[in-house]
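The block underneath contains the structure these notes are about, expressed in structure tokens.
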Amino acid sequence: MHEVRVSVIYHSATGTVAEIAAEIADTAEKHGAEVRLRAVEGSSAPPATAETVRDREHAESPAEPADVLWADAVLLGSPTRFGNVSFQLKSFLDSLGDAWRKQRLADRVYSVFTATSSPHGGQESTLLTLTTSLHHFGGIIVPPGYTDPAKFTDGNPYGTAHCTGGGGKRIDDATRNAARVQAERVVRVAGSLKTA
């Protein structure tokens, strides 16, 4: 299989989405992908843990449209803001207008992830809202679906989603496993498309 190029692009206000992004990036690398992990402008510094050391390094290089154009697959993460995408990630998506007009965003694999502070804080609406832009791009949307037992524990077929419980609870094994399933599936599907 040809090496798959994956960009993991996210906005993180408290570090939770950054942790999910780091897990996705690490898993994609373990499955043979070349990975760019990028935070959009306005993201907070991730927590100082072994899992996010690489993420802090990449936070100094903000996401740019070139990171999307470079990739075969793009995973986008946003905290939920009133059941919607954060304005920071939306602003990044809006910056892709020129590439969209030139149809340079089409035929790439896209997938999405999020975090909320409450169990019914809008995870699904945020994930589905993110995919609306990807439909406009002509992207190939690859959700994790219920393709692995880990997804039944996480309970979200649209993308990895974590609830902090309002107290900043860091991601747990259920979220890590869901992120791994999603990343592996994205790399596999992107690899299959690349060699087709």
Side-chain angles (χ1 to χ4, degrees), residues 2-13 17-18 20-22 24-25 27-29 33-44 55 58-116 122-145 156-161 179 182-196:
H2 293 88
E3 186 173 81
V4 174
R5 293 178 298 186
V6 174
S7 283
V8 182
I9 298 172
Y10 68 92
H11 167 242
S12 187
V17 173
I20 298 169
I24 287 170
T27 300
E29 283 183 342
E34 181 181 351
V35 177
R36 287 185 182 178
L37 181 60
R38 299 287 193 262
V40 300
E41 297 223 31
S43 288
S44 67
D55 181 52
H58 287 280
E60 294 175 11
S61 298
E64 299 177 356
D67 295 315
V68 174
L69 299 176
W70 167 85
D72 301 305
V74 180
L75 290 103
L76 297 163
S78 172
T80 294
R81 292 293 176 259
F82 306 110
N84 212 325
V85 180
S86 71
F87 83 87
Q88 291 91 341
L89 188 65
K90 178 66 169 77
S91 179
F92 176 78
L93 292 172
D94 289 347
S95 77
L96 299 173
D98 187 54
W100 170 78
R101 277 187 289 285
K102 295 175 181 173
Q103 297 194 4
R104 296 182 66 199
L105 304 175
D107 302 327
R108 295 175 201 284
V109 167
Y110 294 92
S111 201
V112 296
F113 58 99
T114 192
T116 59
Q123 292 176 347
E124 289 183 359
S125 61
T126 299
L127 295 172
L128 292 171
T129 299
L130 266 171
T131 62
T132 299
S133 295
L134 308 179
H135 287 287
H136 283 258
F137 294 173
I140 301 164
I141 300 168
V142 178
N156 197 319
Y158 307 108
T160 300
Q182 184 172 3
E184 186 277 329
R185 187 161 196 252
V186 164
V187 170
R188 182 171 36 84
V189 171
S192 295
L193 290 169
K194 194 168 183 172
T195 58

Among side-chain atoms of Thr80 and Thr126, is any donor-acceptor pair under 3.5 angstrom? yes

Give me each pair satisfying ring pair (Phe, Tyr, Trp, His ring centres under 6.0 Å) with a member in residues 123-143, each pair once, sequence neighbours excluded. Tyr110-Phe137

Any donor-acceptor pair under 3.5 Å linking the side chain of Ser86 with the backbone of Pro79? no

Counting distance only, does the side-chain N/O of Gln88 pair as donor-acceptor with the main-chain N or O of His11 below 3.5 Å? no

Test your reading of the model: is there a side-chain donor-acceptor pair from Arg108 to the backbone of Leu69, 3.5 Å cut-off? yes

Determine, stepwise, if the pair Phe113 / Leu130 fulfils side chain to side chain contact (heavy atoms under 4.5 Å, CB included). CA-CA 9 Å; Phe113 58 99; Leu130 266 171; over 6 Å; no

Interatomic spacing from CD in Glu64 to CD1 in Ile9 - rounded to 0.5 Å: 10.0 Å

Check whether Ser125 reaches the backbone of Gly83 with its side chain - one donor and one acceptor, N or O, closer than 3.5 Å. yes

Which is it for Tyr158 and Glu124 under the side chain to side chain contact (heavy atoms under 4.5 Å, CB included) test, yes or no, and what are the steps along the way? CA-CA 7 Å; Tyr158 307 108; Glu124 289 183 359; 3.6 Å; yes

Between Arg36 and Trp70, the two heavy atoms sitting closest are NH2-CD1, 3.3 Å

Flag the pair Ile24 / Val186 as yes when at least one side-chain heavy-atom distance between them is below 4.5 Å, and no otherwise. no

Under the 3.5 angstrom rule, does the side chain of Thr132 hit a backbone N or O of Leu128 as a donor-acceptor pair? yes

Which heavy atom of Gly77 sits nearest to which heavy atom of Val17, and what is that distance? C-CG1, 3.9 Å

CD1 of Ile140 to CG of Leu193, rounded to nearest 0.5 Å, is 5.0 Å

Any pair with a residue in residues 128-143 that passes salt bridge (Lys or Arg N to Asp or Glu O under 4.0 Å), sequence neighbours left out, goes on the list, sorted by first then second residue, please. none

Carefully, step by step, assess Val74 and Leu105 under the rule side chain to side chain contact (heavy atoms under 4.5 Å, CB included). CA-CA 10 Å; Val74 180; Leu105 304 175; over 6 Å; no

To the nearest 0.5 Å, atom CH2 of Trp100 lies from atom OG of Ser133 at 11.0 Å

Tell me if a side-chain donor or acceptor on Ser91 pairs with a main-chain N or O of Phe87 at a distance below 3.5 Å. no

Which atoms form the tightest heavy-atom contact between Val187 and Ala33, and what is the distance? CG2-CB, 4.0 Å

Find out whether Tyr10 and Leu75 are in side-chain contact, i.e. whether some heavy atom of one side chain is under 4.5 Å from a heavy atom of the other. no

What are the two closest heavy atoms between Lys194 and Arg5, and how far apart are they? NZ-NE, 4.4 Å

dist Leu89:CG -> Thr129:OG1 (nearest 0.5 Å) comes out at 11.5 Å

Output, in order, the C-alpha distance, side-chain angles, deciding distance and verdict of side chain to side chain contact (heavy atoms under 4.5 Å, CB included) for Val109 and Val4. CA-CA 11 Å; Val109 167; Val4 174; over 6 Å; no

So, Thr114 side chain and Ser78 main chain: donor-acceptor pair closer than 3.5 Å or not? yes

If you count heavy atoms of other groups shown closer than 6.0 angstrom to CZ of Arg81, is the number above 12? yes

Nearest heavy-atom contact between Ser111 and Pro143 is OG-CA, 4.3 Å

Can you see which heavy atom on Glu41 is nearest to which on Pro62, and at what distance? CG-CB, 3.8 Å

From Ile20 CD1 over to Thr160 OG1, what is the distance, rounded to the nearest 0.5 angstrom? 6.5 Å

